[in-house]
Each structure stands twice: as structure tokens, then as C-alpha cells.
Participant: 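Sharing a structure with you now.
Heavy-atom basis, side chains included; hydrogens, waters and symmetry copies ignored. This is a predicted model, so every value here is computed, not measured. Remember, it's 1-based here, ligands and their atoms both numbered in the order they're listed.
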Amino acid sequence: MIDQLGRRIEYLRLSVTDRCNLRCVYCMPKEGAPLLPHSSLLSYEELVRVCRCASELGIDRIKLTGGEPLLRRGIETLVAKLKALDGIRQVTLTTNAILLGELAQRLADAGLDRVNISLDTLDAAQYRQITRGGELSMVLDAILIAQKAGLALRLNCVPTPETLEQIVPLAKLAQRWPLDVRFIELMPIGAGAHWQGVFSSEVKRRLEQAYGPLHVCPQMQGNGPAEYASLEGFLGKIGFISAFSSCFCARCNRVRLTATGFLRLCLQYEDGVDLRELLRSGADDEQLIQAMRGAIAQKPAHHRFGEMLPQANRRGMSQIGG
Ligand code: SAM
Ligand code: SF4
């Protein structure tokens, strides 16, 4: 669907749980976010129905997220059901990969198109500190298992001043393996509001110093917020998501569904529509589609991360679905 600013909305980030097995410092408070009762989360049946209706509006790509999506039992059955929907051409998932080793083969068999793995450091002690207890070896093992299972992989890193020295070694993974490594600027959302990120310009400077000039890949631009570049001799590409330093809202193509079924129009604002309320009060598909259409038409023009707004988002990334 085209919103009132002419943006084509074709991508839905679907949060399947608010639970997580890590507590990344820039995402969650130490004690974790308050947990929602299971009954308030959408069932797989409800999620599939929302996606079927969304596909009628032109959504053709779905990313499963959370919280940690691999904590939701039987996630591979949801993947298979979404893949079977007419109009949905891609289903991907973003994960901290702690459980990926166990689930990779089942996800590959279900037809998952790609896995994005969140990894900010290759130093085990630092990983434990950033994630408040995570075991790096589980992530590295999972990468190998997932590759063997035939899953396409991508790494997402959110650099901070503490992990600056990790930028070059993390990018090196794209030299040895055909996987893209993307660097994301930290957004001042939830716990992230108390942390400092690193601008893409600094990441690029470090990479060029280590590996030579970055060559922009024009054929990979425009399909979402990332810009991609290649480095001489690298099998994978390097991506940059510069939400803070260069606002890409004019090309925003996405909406988000929280685990409780609230369709959010922008990461920063709480505006949207409560689809769970409609689903559970007997609305038919046409009413759901109309509600989504009406909400998407109101999608905000852009974020205002640089300003403090009273209506700006009070929830963290794990609650919105990152
Ligand atoms: N648990 C899964 C994971 O870590 O991939 C999925 C949910 S997580 C909220 C999705 C992504 O959001 C992760 O890559 C994480 O690094 C990123 N993220 C969390 N808080 C962030 C923030 N304040 N700014 C930018 N990215 C953030
Ligand atoms: Fe959990 Fe992902 Fe947030 Fe880390 S970034 S606390 S893994 S939801």
C-alpha cells in the first residue's frame, strides 16, 4: 500500500514474544521488561490471519522478531504457515542466536529465507557483559550450524564506544564467509536512551583504514533503510543503517506488529491501531484490512530522535520488536 506521503509499505516486522533470554544493556533494563501474560500475546492463528490481511494491502515481506523469537515454541510452524500465504514472498527472522543451533535445521526445512543474527563483539567477556550473561560460543557455533543447514545469514552489530575495536574483526567475518555484516546506529529508544552509539561515518573510517575503500552498491539500495558497500576481496557486503545521522524516513517501507497485536506505524511513536481488540471482538477480514489501511495512511513522516517529545515512545526495542 502507498501511504499519504507516497511511501510504498511492503514490509511487516512481526514481534512474536516479549520474552528474551538475554538482557542487552542498550535494549532492556537489568531486571528485564515487565512480562505480559501469555493470553495477551497473539496466537499463531491470529498472527497468520493478520499477515494474510496485510498481504492484501501489499505487504510481501515479514520479519519475525521479539523479544527473542526463538523462545516462542514451535516457531518453525509459524514460518511454514506464513511462507504458505499467497502474496508473502519472503519470511526472515532476527535473533540473538542462543537457540539457533538447536533450531536451524527445522527453520531451514520450514522455508525460512534468512536469519539476521545480532552480535556486537567477538570478545567472550565483553559479549557476556553487553548481553548480561550471554555465551558467545553458542552464537559462533550456531552460525556454523545454520550455514550447514543452508540458511542465508546476516550479522547485525550495534557499535558503541566500548566496542569500537570490534568493528574491524566483525567486518572480517564478511571477508571469510558469504554473509553480510551490517552496522546499526544505536537509537535512543527504551534503555538505548541511556547509551551512546557510534556514527556510521566513524565505522566507515575504521573499515577503510583496515581494508581499503568501500564501494557503494547502488543495486542494493532503496529496499529498506540499509545502504550497502563492498570491500575488495570480501565475500559478503558491509551494510550501514544510519537511523540517527542520516534520517531515512522518506524511504521507510515498514510497519510493526507488537506481540500483543498493536500495529505500530513508526519505531518512535506510539500511534497505531489495536488489531487484537478487533481480532478478539469478532471483526471480519474486511474490517481488519480497513483498520490497517486507515492506520497506515497516518504513518508519521519521520522520527525525531534528536528531540524530546511527550508522545514519543516509552517502550524499549524488545517490546516494540526492534
Ligand atoms: N532478540 C532478537 C535480536 O536480538 O536480534 C530480536 C529483537 S532485538 C530488539 C532486534 C534488534 O534490535 C537487535 O539487532 C538489537 O541489536 C537491536 N536493538 C535493540 N535496541 C536497540 C537500540 N536502542 N538501537 C538500535 N538497535 C537496537
Ligand atoms: Fe534480547 Fe534482542 Fe533485546 Fe538483546 S537486543 S535484550 S537479545 S531482544
Participant: Taking distance alone, with N or O pairs closer than 3.5 Å, would you say E68 contacts ligand 1?
Facilitator: yes
Participant: Hey, does the Lys NZ or Arg CZ of K204 hover above the aromatic six-ring of F240, less than 6.0 Å from the centre and inside 45° of the axis?
Facilitator: yes
Participant: Please verify whether a non-hydrogen atom of M28 lies at under 4.0 Å from ligand 2.
Facilitator: yes
Participant: Look at atom CD of Q196 and say whether more than 12 heavy atoms of other residues, nucleotides or ligands are closer to it than 6.0 Å.
Facilitator: no
Participant: Using distance alone, with no hydrogens and no angle criterion, decide if R114 and N116 have a side-chain donor and acceptor under 3.5 Å apart.
Facilitator: yes
Participant: Heavy-atom contacts under 4.0 Å between D120 and ligand 1: side chain, backbone, both, or neither?
Facilitator: neither
Participant: Are any of the N or O atoms of S118 closer than 3.5 Å to those of ligand 1?
Facilitator: yes
Participant: Using a 4.0 Å cut-off to any heavy atom of G67, which atoms of ligand 1 qualify?
Facilitator: 1 (N), 2 (C), 6 (C), 7 (C)
Participant: Please report the closest heavy-atom contact between R72 and S43, naming both atoms and the distance.
Facilitator: NH2-CA, 3.7 Å
Participant: Go through ligand 1 atom by atom and flag the ones less than 4.0 Å from a non-hydrogen atom of T65.
Facilitator: 6 (C), 7 (C)
Participant: Tell me whether atom 1 (Fe) of ligand 2 has C24 as a neighbour, meaning an N, O or S atom of it below 2.8 Å.
Facilitator: no
Participant: By number and element, which atoms of ligand 1 are closer than 4.0 Å to a non-hydrogen atom of G192?
Facilitator: 23 (N)
Participant: Which atom names give the shortest non-hydrogen contact between G87 and D60, and what distance separates them?
Facilitator: O-CB, 3.2 Å
Participant: Does G197 come within less than 4.0 Å of ligand 1, judged by its heavy atoms?
Facilitator: no
Participant: Between H194, M187, R19, which one has a non-hydrogen atom sitting closest to atom 25 (C) of ligand 1?
Facilitator: M187
Participant: Strictly distance-based, threshold 3.5 Å: is any side-chain N or O of D120 a donor or acceptor partner for the main-chain N or O of V158?
Facilitator: yes
Participant: Are any of the N/O atoms in R13 less than 3.5 Å from those in ligand 1?
Facilitator: no
Participant: Quick check: does V158 get an N/O under 3.5 Å from an N/O on ligand 1?
Facilitator: no
Participant: So for ligand 1, is E185 a polar contact partner (N or O within less than 3.5 Å, distance only)?
Facilitator: no
Participant: Is C27 close to ligand 1, meaning an N/O of one under 3.5 Å from an N/O of the other?
Facilitator: no
Participant: Applying side chain to side chain donor-acceptor pair (under 3.5 Å), run through T160 and E162 and close with a yes or a no.
Facilitator: CA-CA 5 Å; T160 61; E162 292 73 26; 3.0 Å; yes
Participant: Does C27 approach ligand 2 within less than 4.0 angstrom via side chain, backbone, both or neither, non-hydrogen atoms only?
Facilitator: side chain
Participant: Does L36 sit in a hydrophobic cluster with other residues, and if so which ones, taking ILVMFWY side chains as linked at heavy-atom separations under 4.5 Å, directly or through other members?
Facilitator: L41
Participant: Within 45° of the axis and under 6.0 Å from the centre of the six-membered ring of Y11, does NZ or CZ of R61 qualify?
Facilitator: yes
Participant: Does some non-hydrogen atom of S118 fall short of 4.0 Å from ligand 2?
Facilitator: no
Participant: I need the minimum non-hydrogen distance between A226 and R182, along with the two atoms involved.
Facilitator: CB-NH1, 3.8 Å
Participant: With a 4.0 Å heavy-atom cut-off (strictly under), which part of T94 contacts ligand 1: side chain, backbone, both or neither?
Facilitator: both
Participant: Please give me the minimum heavy-atom distance between T258 and R264, naming the atom from each residue.
Facilitator: CG2-CD, 3.9 Å
